[in-house]
Amino acid sequence: MAAEPSAHSLIAEHRPTLDQALEAIRTRAYWSPHPEHPKAYGENGSLGMAEGKAAFDARLGTRLDLGQPGTDDWVGGETSPYGIELGVTYPHADIDTLLPAMKAGQRAWRDAGAQVRAVVCVEILKRISDRTHEFAHAVMHTSGQAFMMAFQAGGPHAQDRGLEAVAYAYAEQVRTPDNAEWTKPQGKRDPLALSKRFKPVPRGIALVIGCNTFPTWNGYPGLFASLATGNAVLVKPHPRAVLPLALTVQVAREVLTETGFDPNLVALAAERPGEGIAKDLATRPEIRIIDYTGSTSFGDWLEANARQAEVYTEKAGVNTVLVDSTDDYKGMLSNLAFSLSLYSGQMCTTPQNLLIPRDGITTDAGPKSYDEVVADLARSVGGLLGDDARANALLGAIVNPDVKARLEAAAGLGEVALASREISNPDFPTAVVRTPVIVKLDGARKYWERTDDEAAYMSECFGPVSFAVAVDSAADGVELLRRTISDKGAMTVGAYTTSDEVAEAVEEVCLEECAQLSLNLTGGVYVNQTAAFSDFHGSGGNPAANAALCDGAFVANRFRVVEVRSEA
């Protein structure tokens, strides 16, 4: 039996990984220690495809006992969007008992220092990585993602985002030296001399409020940013997506125990059906940091009411693509079709509004009218999803009834250019699988005017719904883009143009309104995908989110530096 690792033994093992992560965030070059291909797993202690599936199956219908203090009940009730009753039950916590227990371990965790905390976090991520196949099934059957997307986005990509947060946290904490000797000359008199010590200290207990669609990808940055900066972390999963984060808490508690720290530094707050504990937790005085991904309404409530905490939100926006011109018409259509279809549009980064000039666009295939562009895009989406097996692999399942209702209602908002169709999944007959709908809407003749269609295209319609909005010109499209970002926010902005002038105008809008921009994507990179260590997810500068994943600002205020000075 292998000896349990000490915190300091992990420095030799994981410091090279930490150093590579630090170099990656400095250079922004591609790097990942977590393999994207399913066949890369199955050796050196990791679970292969069959073992991961078996581990997930064995978990169904069981009680996940985390050994937390204050457990007063067992709760569950998750149903997979693919129709499986998970049947897993989780500890329900008496918060008045759990929170003091979590706080008790923070002193030793604080005093361990930034490097030890970082490598312990890397060990947690490594053990999660070894179980990527198991986690992939957990993500798939709580989010509705198709397996390959659940494997990649819920596995290596989420782990990358967690490691990225650890790297940023470490870099910010070591920016200030541990010790300094301070001497101030006094002319003929003896100099003034002080010895100074500087210590990063945590804010307190952090609360991670998980989301339904990307429980690990959206949950890991805040979890690991807070843990690496010395804070205890309470994880409150979305009630429909508990299992992936509960398994994460289980792994974290195991590693903390084995490395000599209090396992209660990481704990789970599962809730009874309809209990709605997030507001109560978020306003408790013990909670000093909150990470939230979800609806704008609750994100706004947190920002306004959780005044005792640092609140990091990723909410909702109206993601927009301006289509002005292209020198690769086929590539543009294919790229947009994939972006609109991936995970049934259930991503906070999926384009919603496609702004297209009424008089059409210029392309390498000749001029194309507005109607032709929309019809060709509809055909491209239809061709991409024409084979049901491929469609199931791209679309996944509709995550909840609200998305299905929005999809069905969208067809009544305007002329339907591409109707949504129902697809059966032979492996999961009860899964709700739908192709995207594209609706033609009329934009204002001038950007300051309003139209009857504005209520539709100026509101987020989360799910497989896109609006082809006719605008008077590229210039008017640019100004509508500006107003959209300013009023509603955007996680992503895209543009297709062969005009330097239009490209510069779009870029200027994104710089002024603080939105992440992708220009002329026609290959295998899509506007709704971002790479950890290189791309920023969100900007923190428009209404869609007040934080970016991940930058220095995302971690720097999760700790403060306390100075102790004395006569030298």
Side-chain angles (χ1 to χ4, degrees), residues 30-60 78 80-84 86 124-164 210-221 237 240-248 250-251 338-339 341-347 349-350 389-399 425 427-428 431 433 524-526 528-533 537:
Y30 171 77
W31 175 74
S32 171
H34 305 114
E36 284 186 314
H37 199 286
K39 291 184 179 179
Y41 298 81
E43 298 179 358
N44 302 318
S46 66
L47 298 181
M49 288 184 278
E51 294 88 351
K53 177 64 162 61
F56 170 75
D57 290 342
R59 181 71 63 186
L60 301 179
E78 293 158 291
S80 167
Y82 291 99
I84 297 172
L86 270 60
I124 295 169
L125 286 163
K126 177 187 179 298
R127 295 199 192 180
I128 292 171
S129 177
D130 288 343
R131 294 167 60 181
T132 291
H133 275 283
E134 178 187 359
F135 273 72
H137 288 283
V139 171
M140 173 183 176
H141 286 290
T142 51
S143 71
Q145 295 174 30
F147 176 76
M148 184 54 73
M149 184 174 185
F151 178 88
Q152 292 185 337
H157 297 171
Q159 296 151 22
D160 283 350
R161 282 295 184 192
L163 181 56
E164 176 187 49
C211 68
N212 193 174
T213 48
F214 289 88
T216 55
W217 198 99
N218 280 114
Y220 284 5
R240 295 194 191 101
V242 182
L243 184 57
L245 289 178
L247 293 174
T248 301
Q250 182 184 52
V251 173
F338 189 92
S339 296
S341 302
L342 185 62
Y343 184 32
S344 300
Q346 297 171 126
M347 304 172 68
T349 50
T350 300
R390 181 167 59 181
N392 276 305
L394 283 175
L395 296 170
I398 299 298
V399 69
N425 187 319
D427 296 322
F428 304 100
V433 184
V525 176
Y526 305 94
N528 44 348
Q529 297 175 321
T530 59
F533 308 107
H537 175 74

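Hydrogens, waters and symmetry mates are skipped; everything else that's a heavy atom, side chains included, is used. This structure is a prediction, so every number in the text was calculated from the model and none was measured.
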Just by distance, do the side chain of [X] and the backbone of [Y] share a donor-acceptor pair under 3.5 Å?
X: Ser129; Y: Leu125; result: no
X: Tyr82; Y: Gln145; result: yes
X: Gln152; Y: His157; result: no
X: Gln346; Y: Tyr343; result: yes
X: Ser344; Y: Leu395; result: yes

[X] to [Y] - nearest heavy-atom pair and separation:
X: Ala136; Y: Ala150; value: O-CB, 3.4 Å
X: Ala431; Y: Ala397; value: CB-CB, 4.3 Å
X: Thr142; Y: Pro215; value: OG1-CG, 4.3 Å
X: Thr216; Y: Pro244; value: CG2-CB, 3.9 Å

Does Phe151 have any ring pair (Phe, Tyr, Trp, His ring centres under 6.0 Å) partners at least two apart in sequence or in another chain, and if so, which?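 Phe151 satisfies ring pair (Phe, Tyr, Trp, His ring centres under 6.0 Å) with Tyr41, His133 once adjacent residues are dropped.
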Salt bridge (Lys or Arg N to Asp or Glu O under 4.0 Å): which pairs involve residues 147-163, sequence neighbours left out?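 Listed once each, the pairs are Arg161-Glu164.
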Please, which pairs that meet salt bridge (Lys or Arg N to Asp or Glu O under 4.0 Å) have at least one residue in residues 36-55, sequence neighbours excluded?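 Listed once each, the pairs are Lys53-Asp57.
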Between Phe147 and His141, does the ring-ring contact (aromatic ring centres under 6.0 Å, His included) criterion hold? Intermediate values first, please. CA-CA 9 Å; Phe147 176 76; His141 286 290; 9.2 Å; no
[X] [atom1] to [Y] [atom2] distance, which is reported to the nearest 0.5 Å:
X: Lys126; Y: Ser46; atom1: NZ; atom2: OG; value: 8.5 Å
X: Leu60; Y: His137; atom1: CG; atom2: NE2; value: 10.5 Å
X: Trp217; Y: Ser143; atom1: CH2; atom2: OG; value: 14.0 Å
X: Phe56; Y: Leu247; atom1: CZ; atom2: CG; value: 9.5 Å
X: Leu243; Y: Arg59; atom1: CG; atom2: CZ; value: 7.0 Å
X: Leu47; Y: Phe135; atom1: CG; atom2: CZ; value: 10.0 Å

For side-chain hydrogen bond (donor to acceptor under 3.5 Å, both in side chains), just list the numbers for Ser339 and Gln529, CA-CA rounded to whole Å, side-chain angles, deciding distance to a tenth of an Å, and then say yes or no. CA-CA 9 Å; Ser339 296; Gln529 297 175 321; over 6 Å; no
Compute whether any side-chain donor of one residue and acceptor of the other, for Tyr526 and Thr349, lie under 3.5 angstrom apart.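 No, no side-chain donor-acceptor pair sits under 3.5 Å.
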Does [X] have any side-chain contact (heavy atoms from CB on, under 4.5 Å) partners at least two apart in sequence or in another chain, and if so, which?
X: Ala246; value: Leu64, Tyr90, Val242, Leu268
X: Asn212; value: His238, Arg240, Ala241, Val399, Asn400
X: Thr350; value: Met347, Asn528

Does any part of the side chain of Tyr220, heavy atoms only, come nearer than 4.5 Å to the side chain of Leu245, both counted from C-beta?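 In contact.
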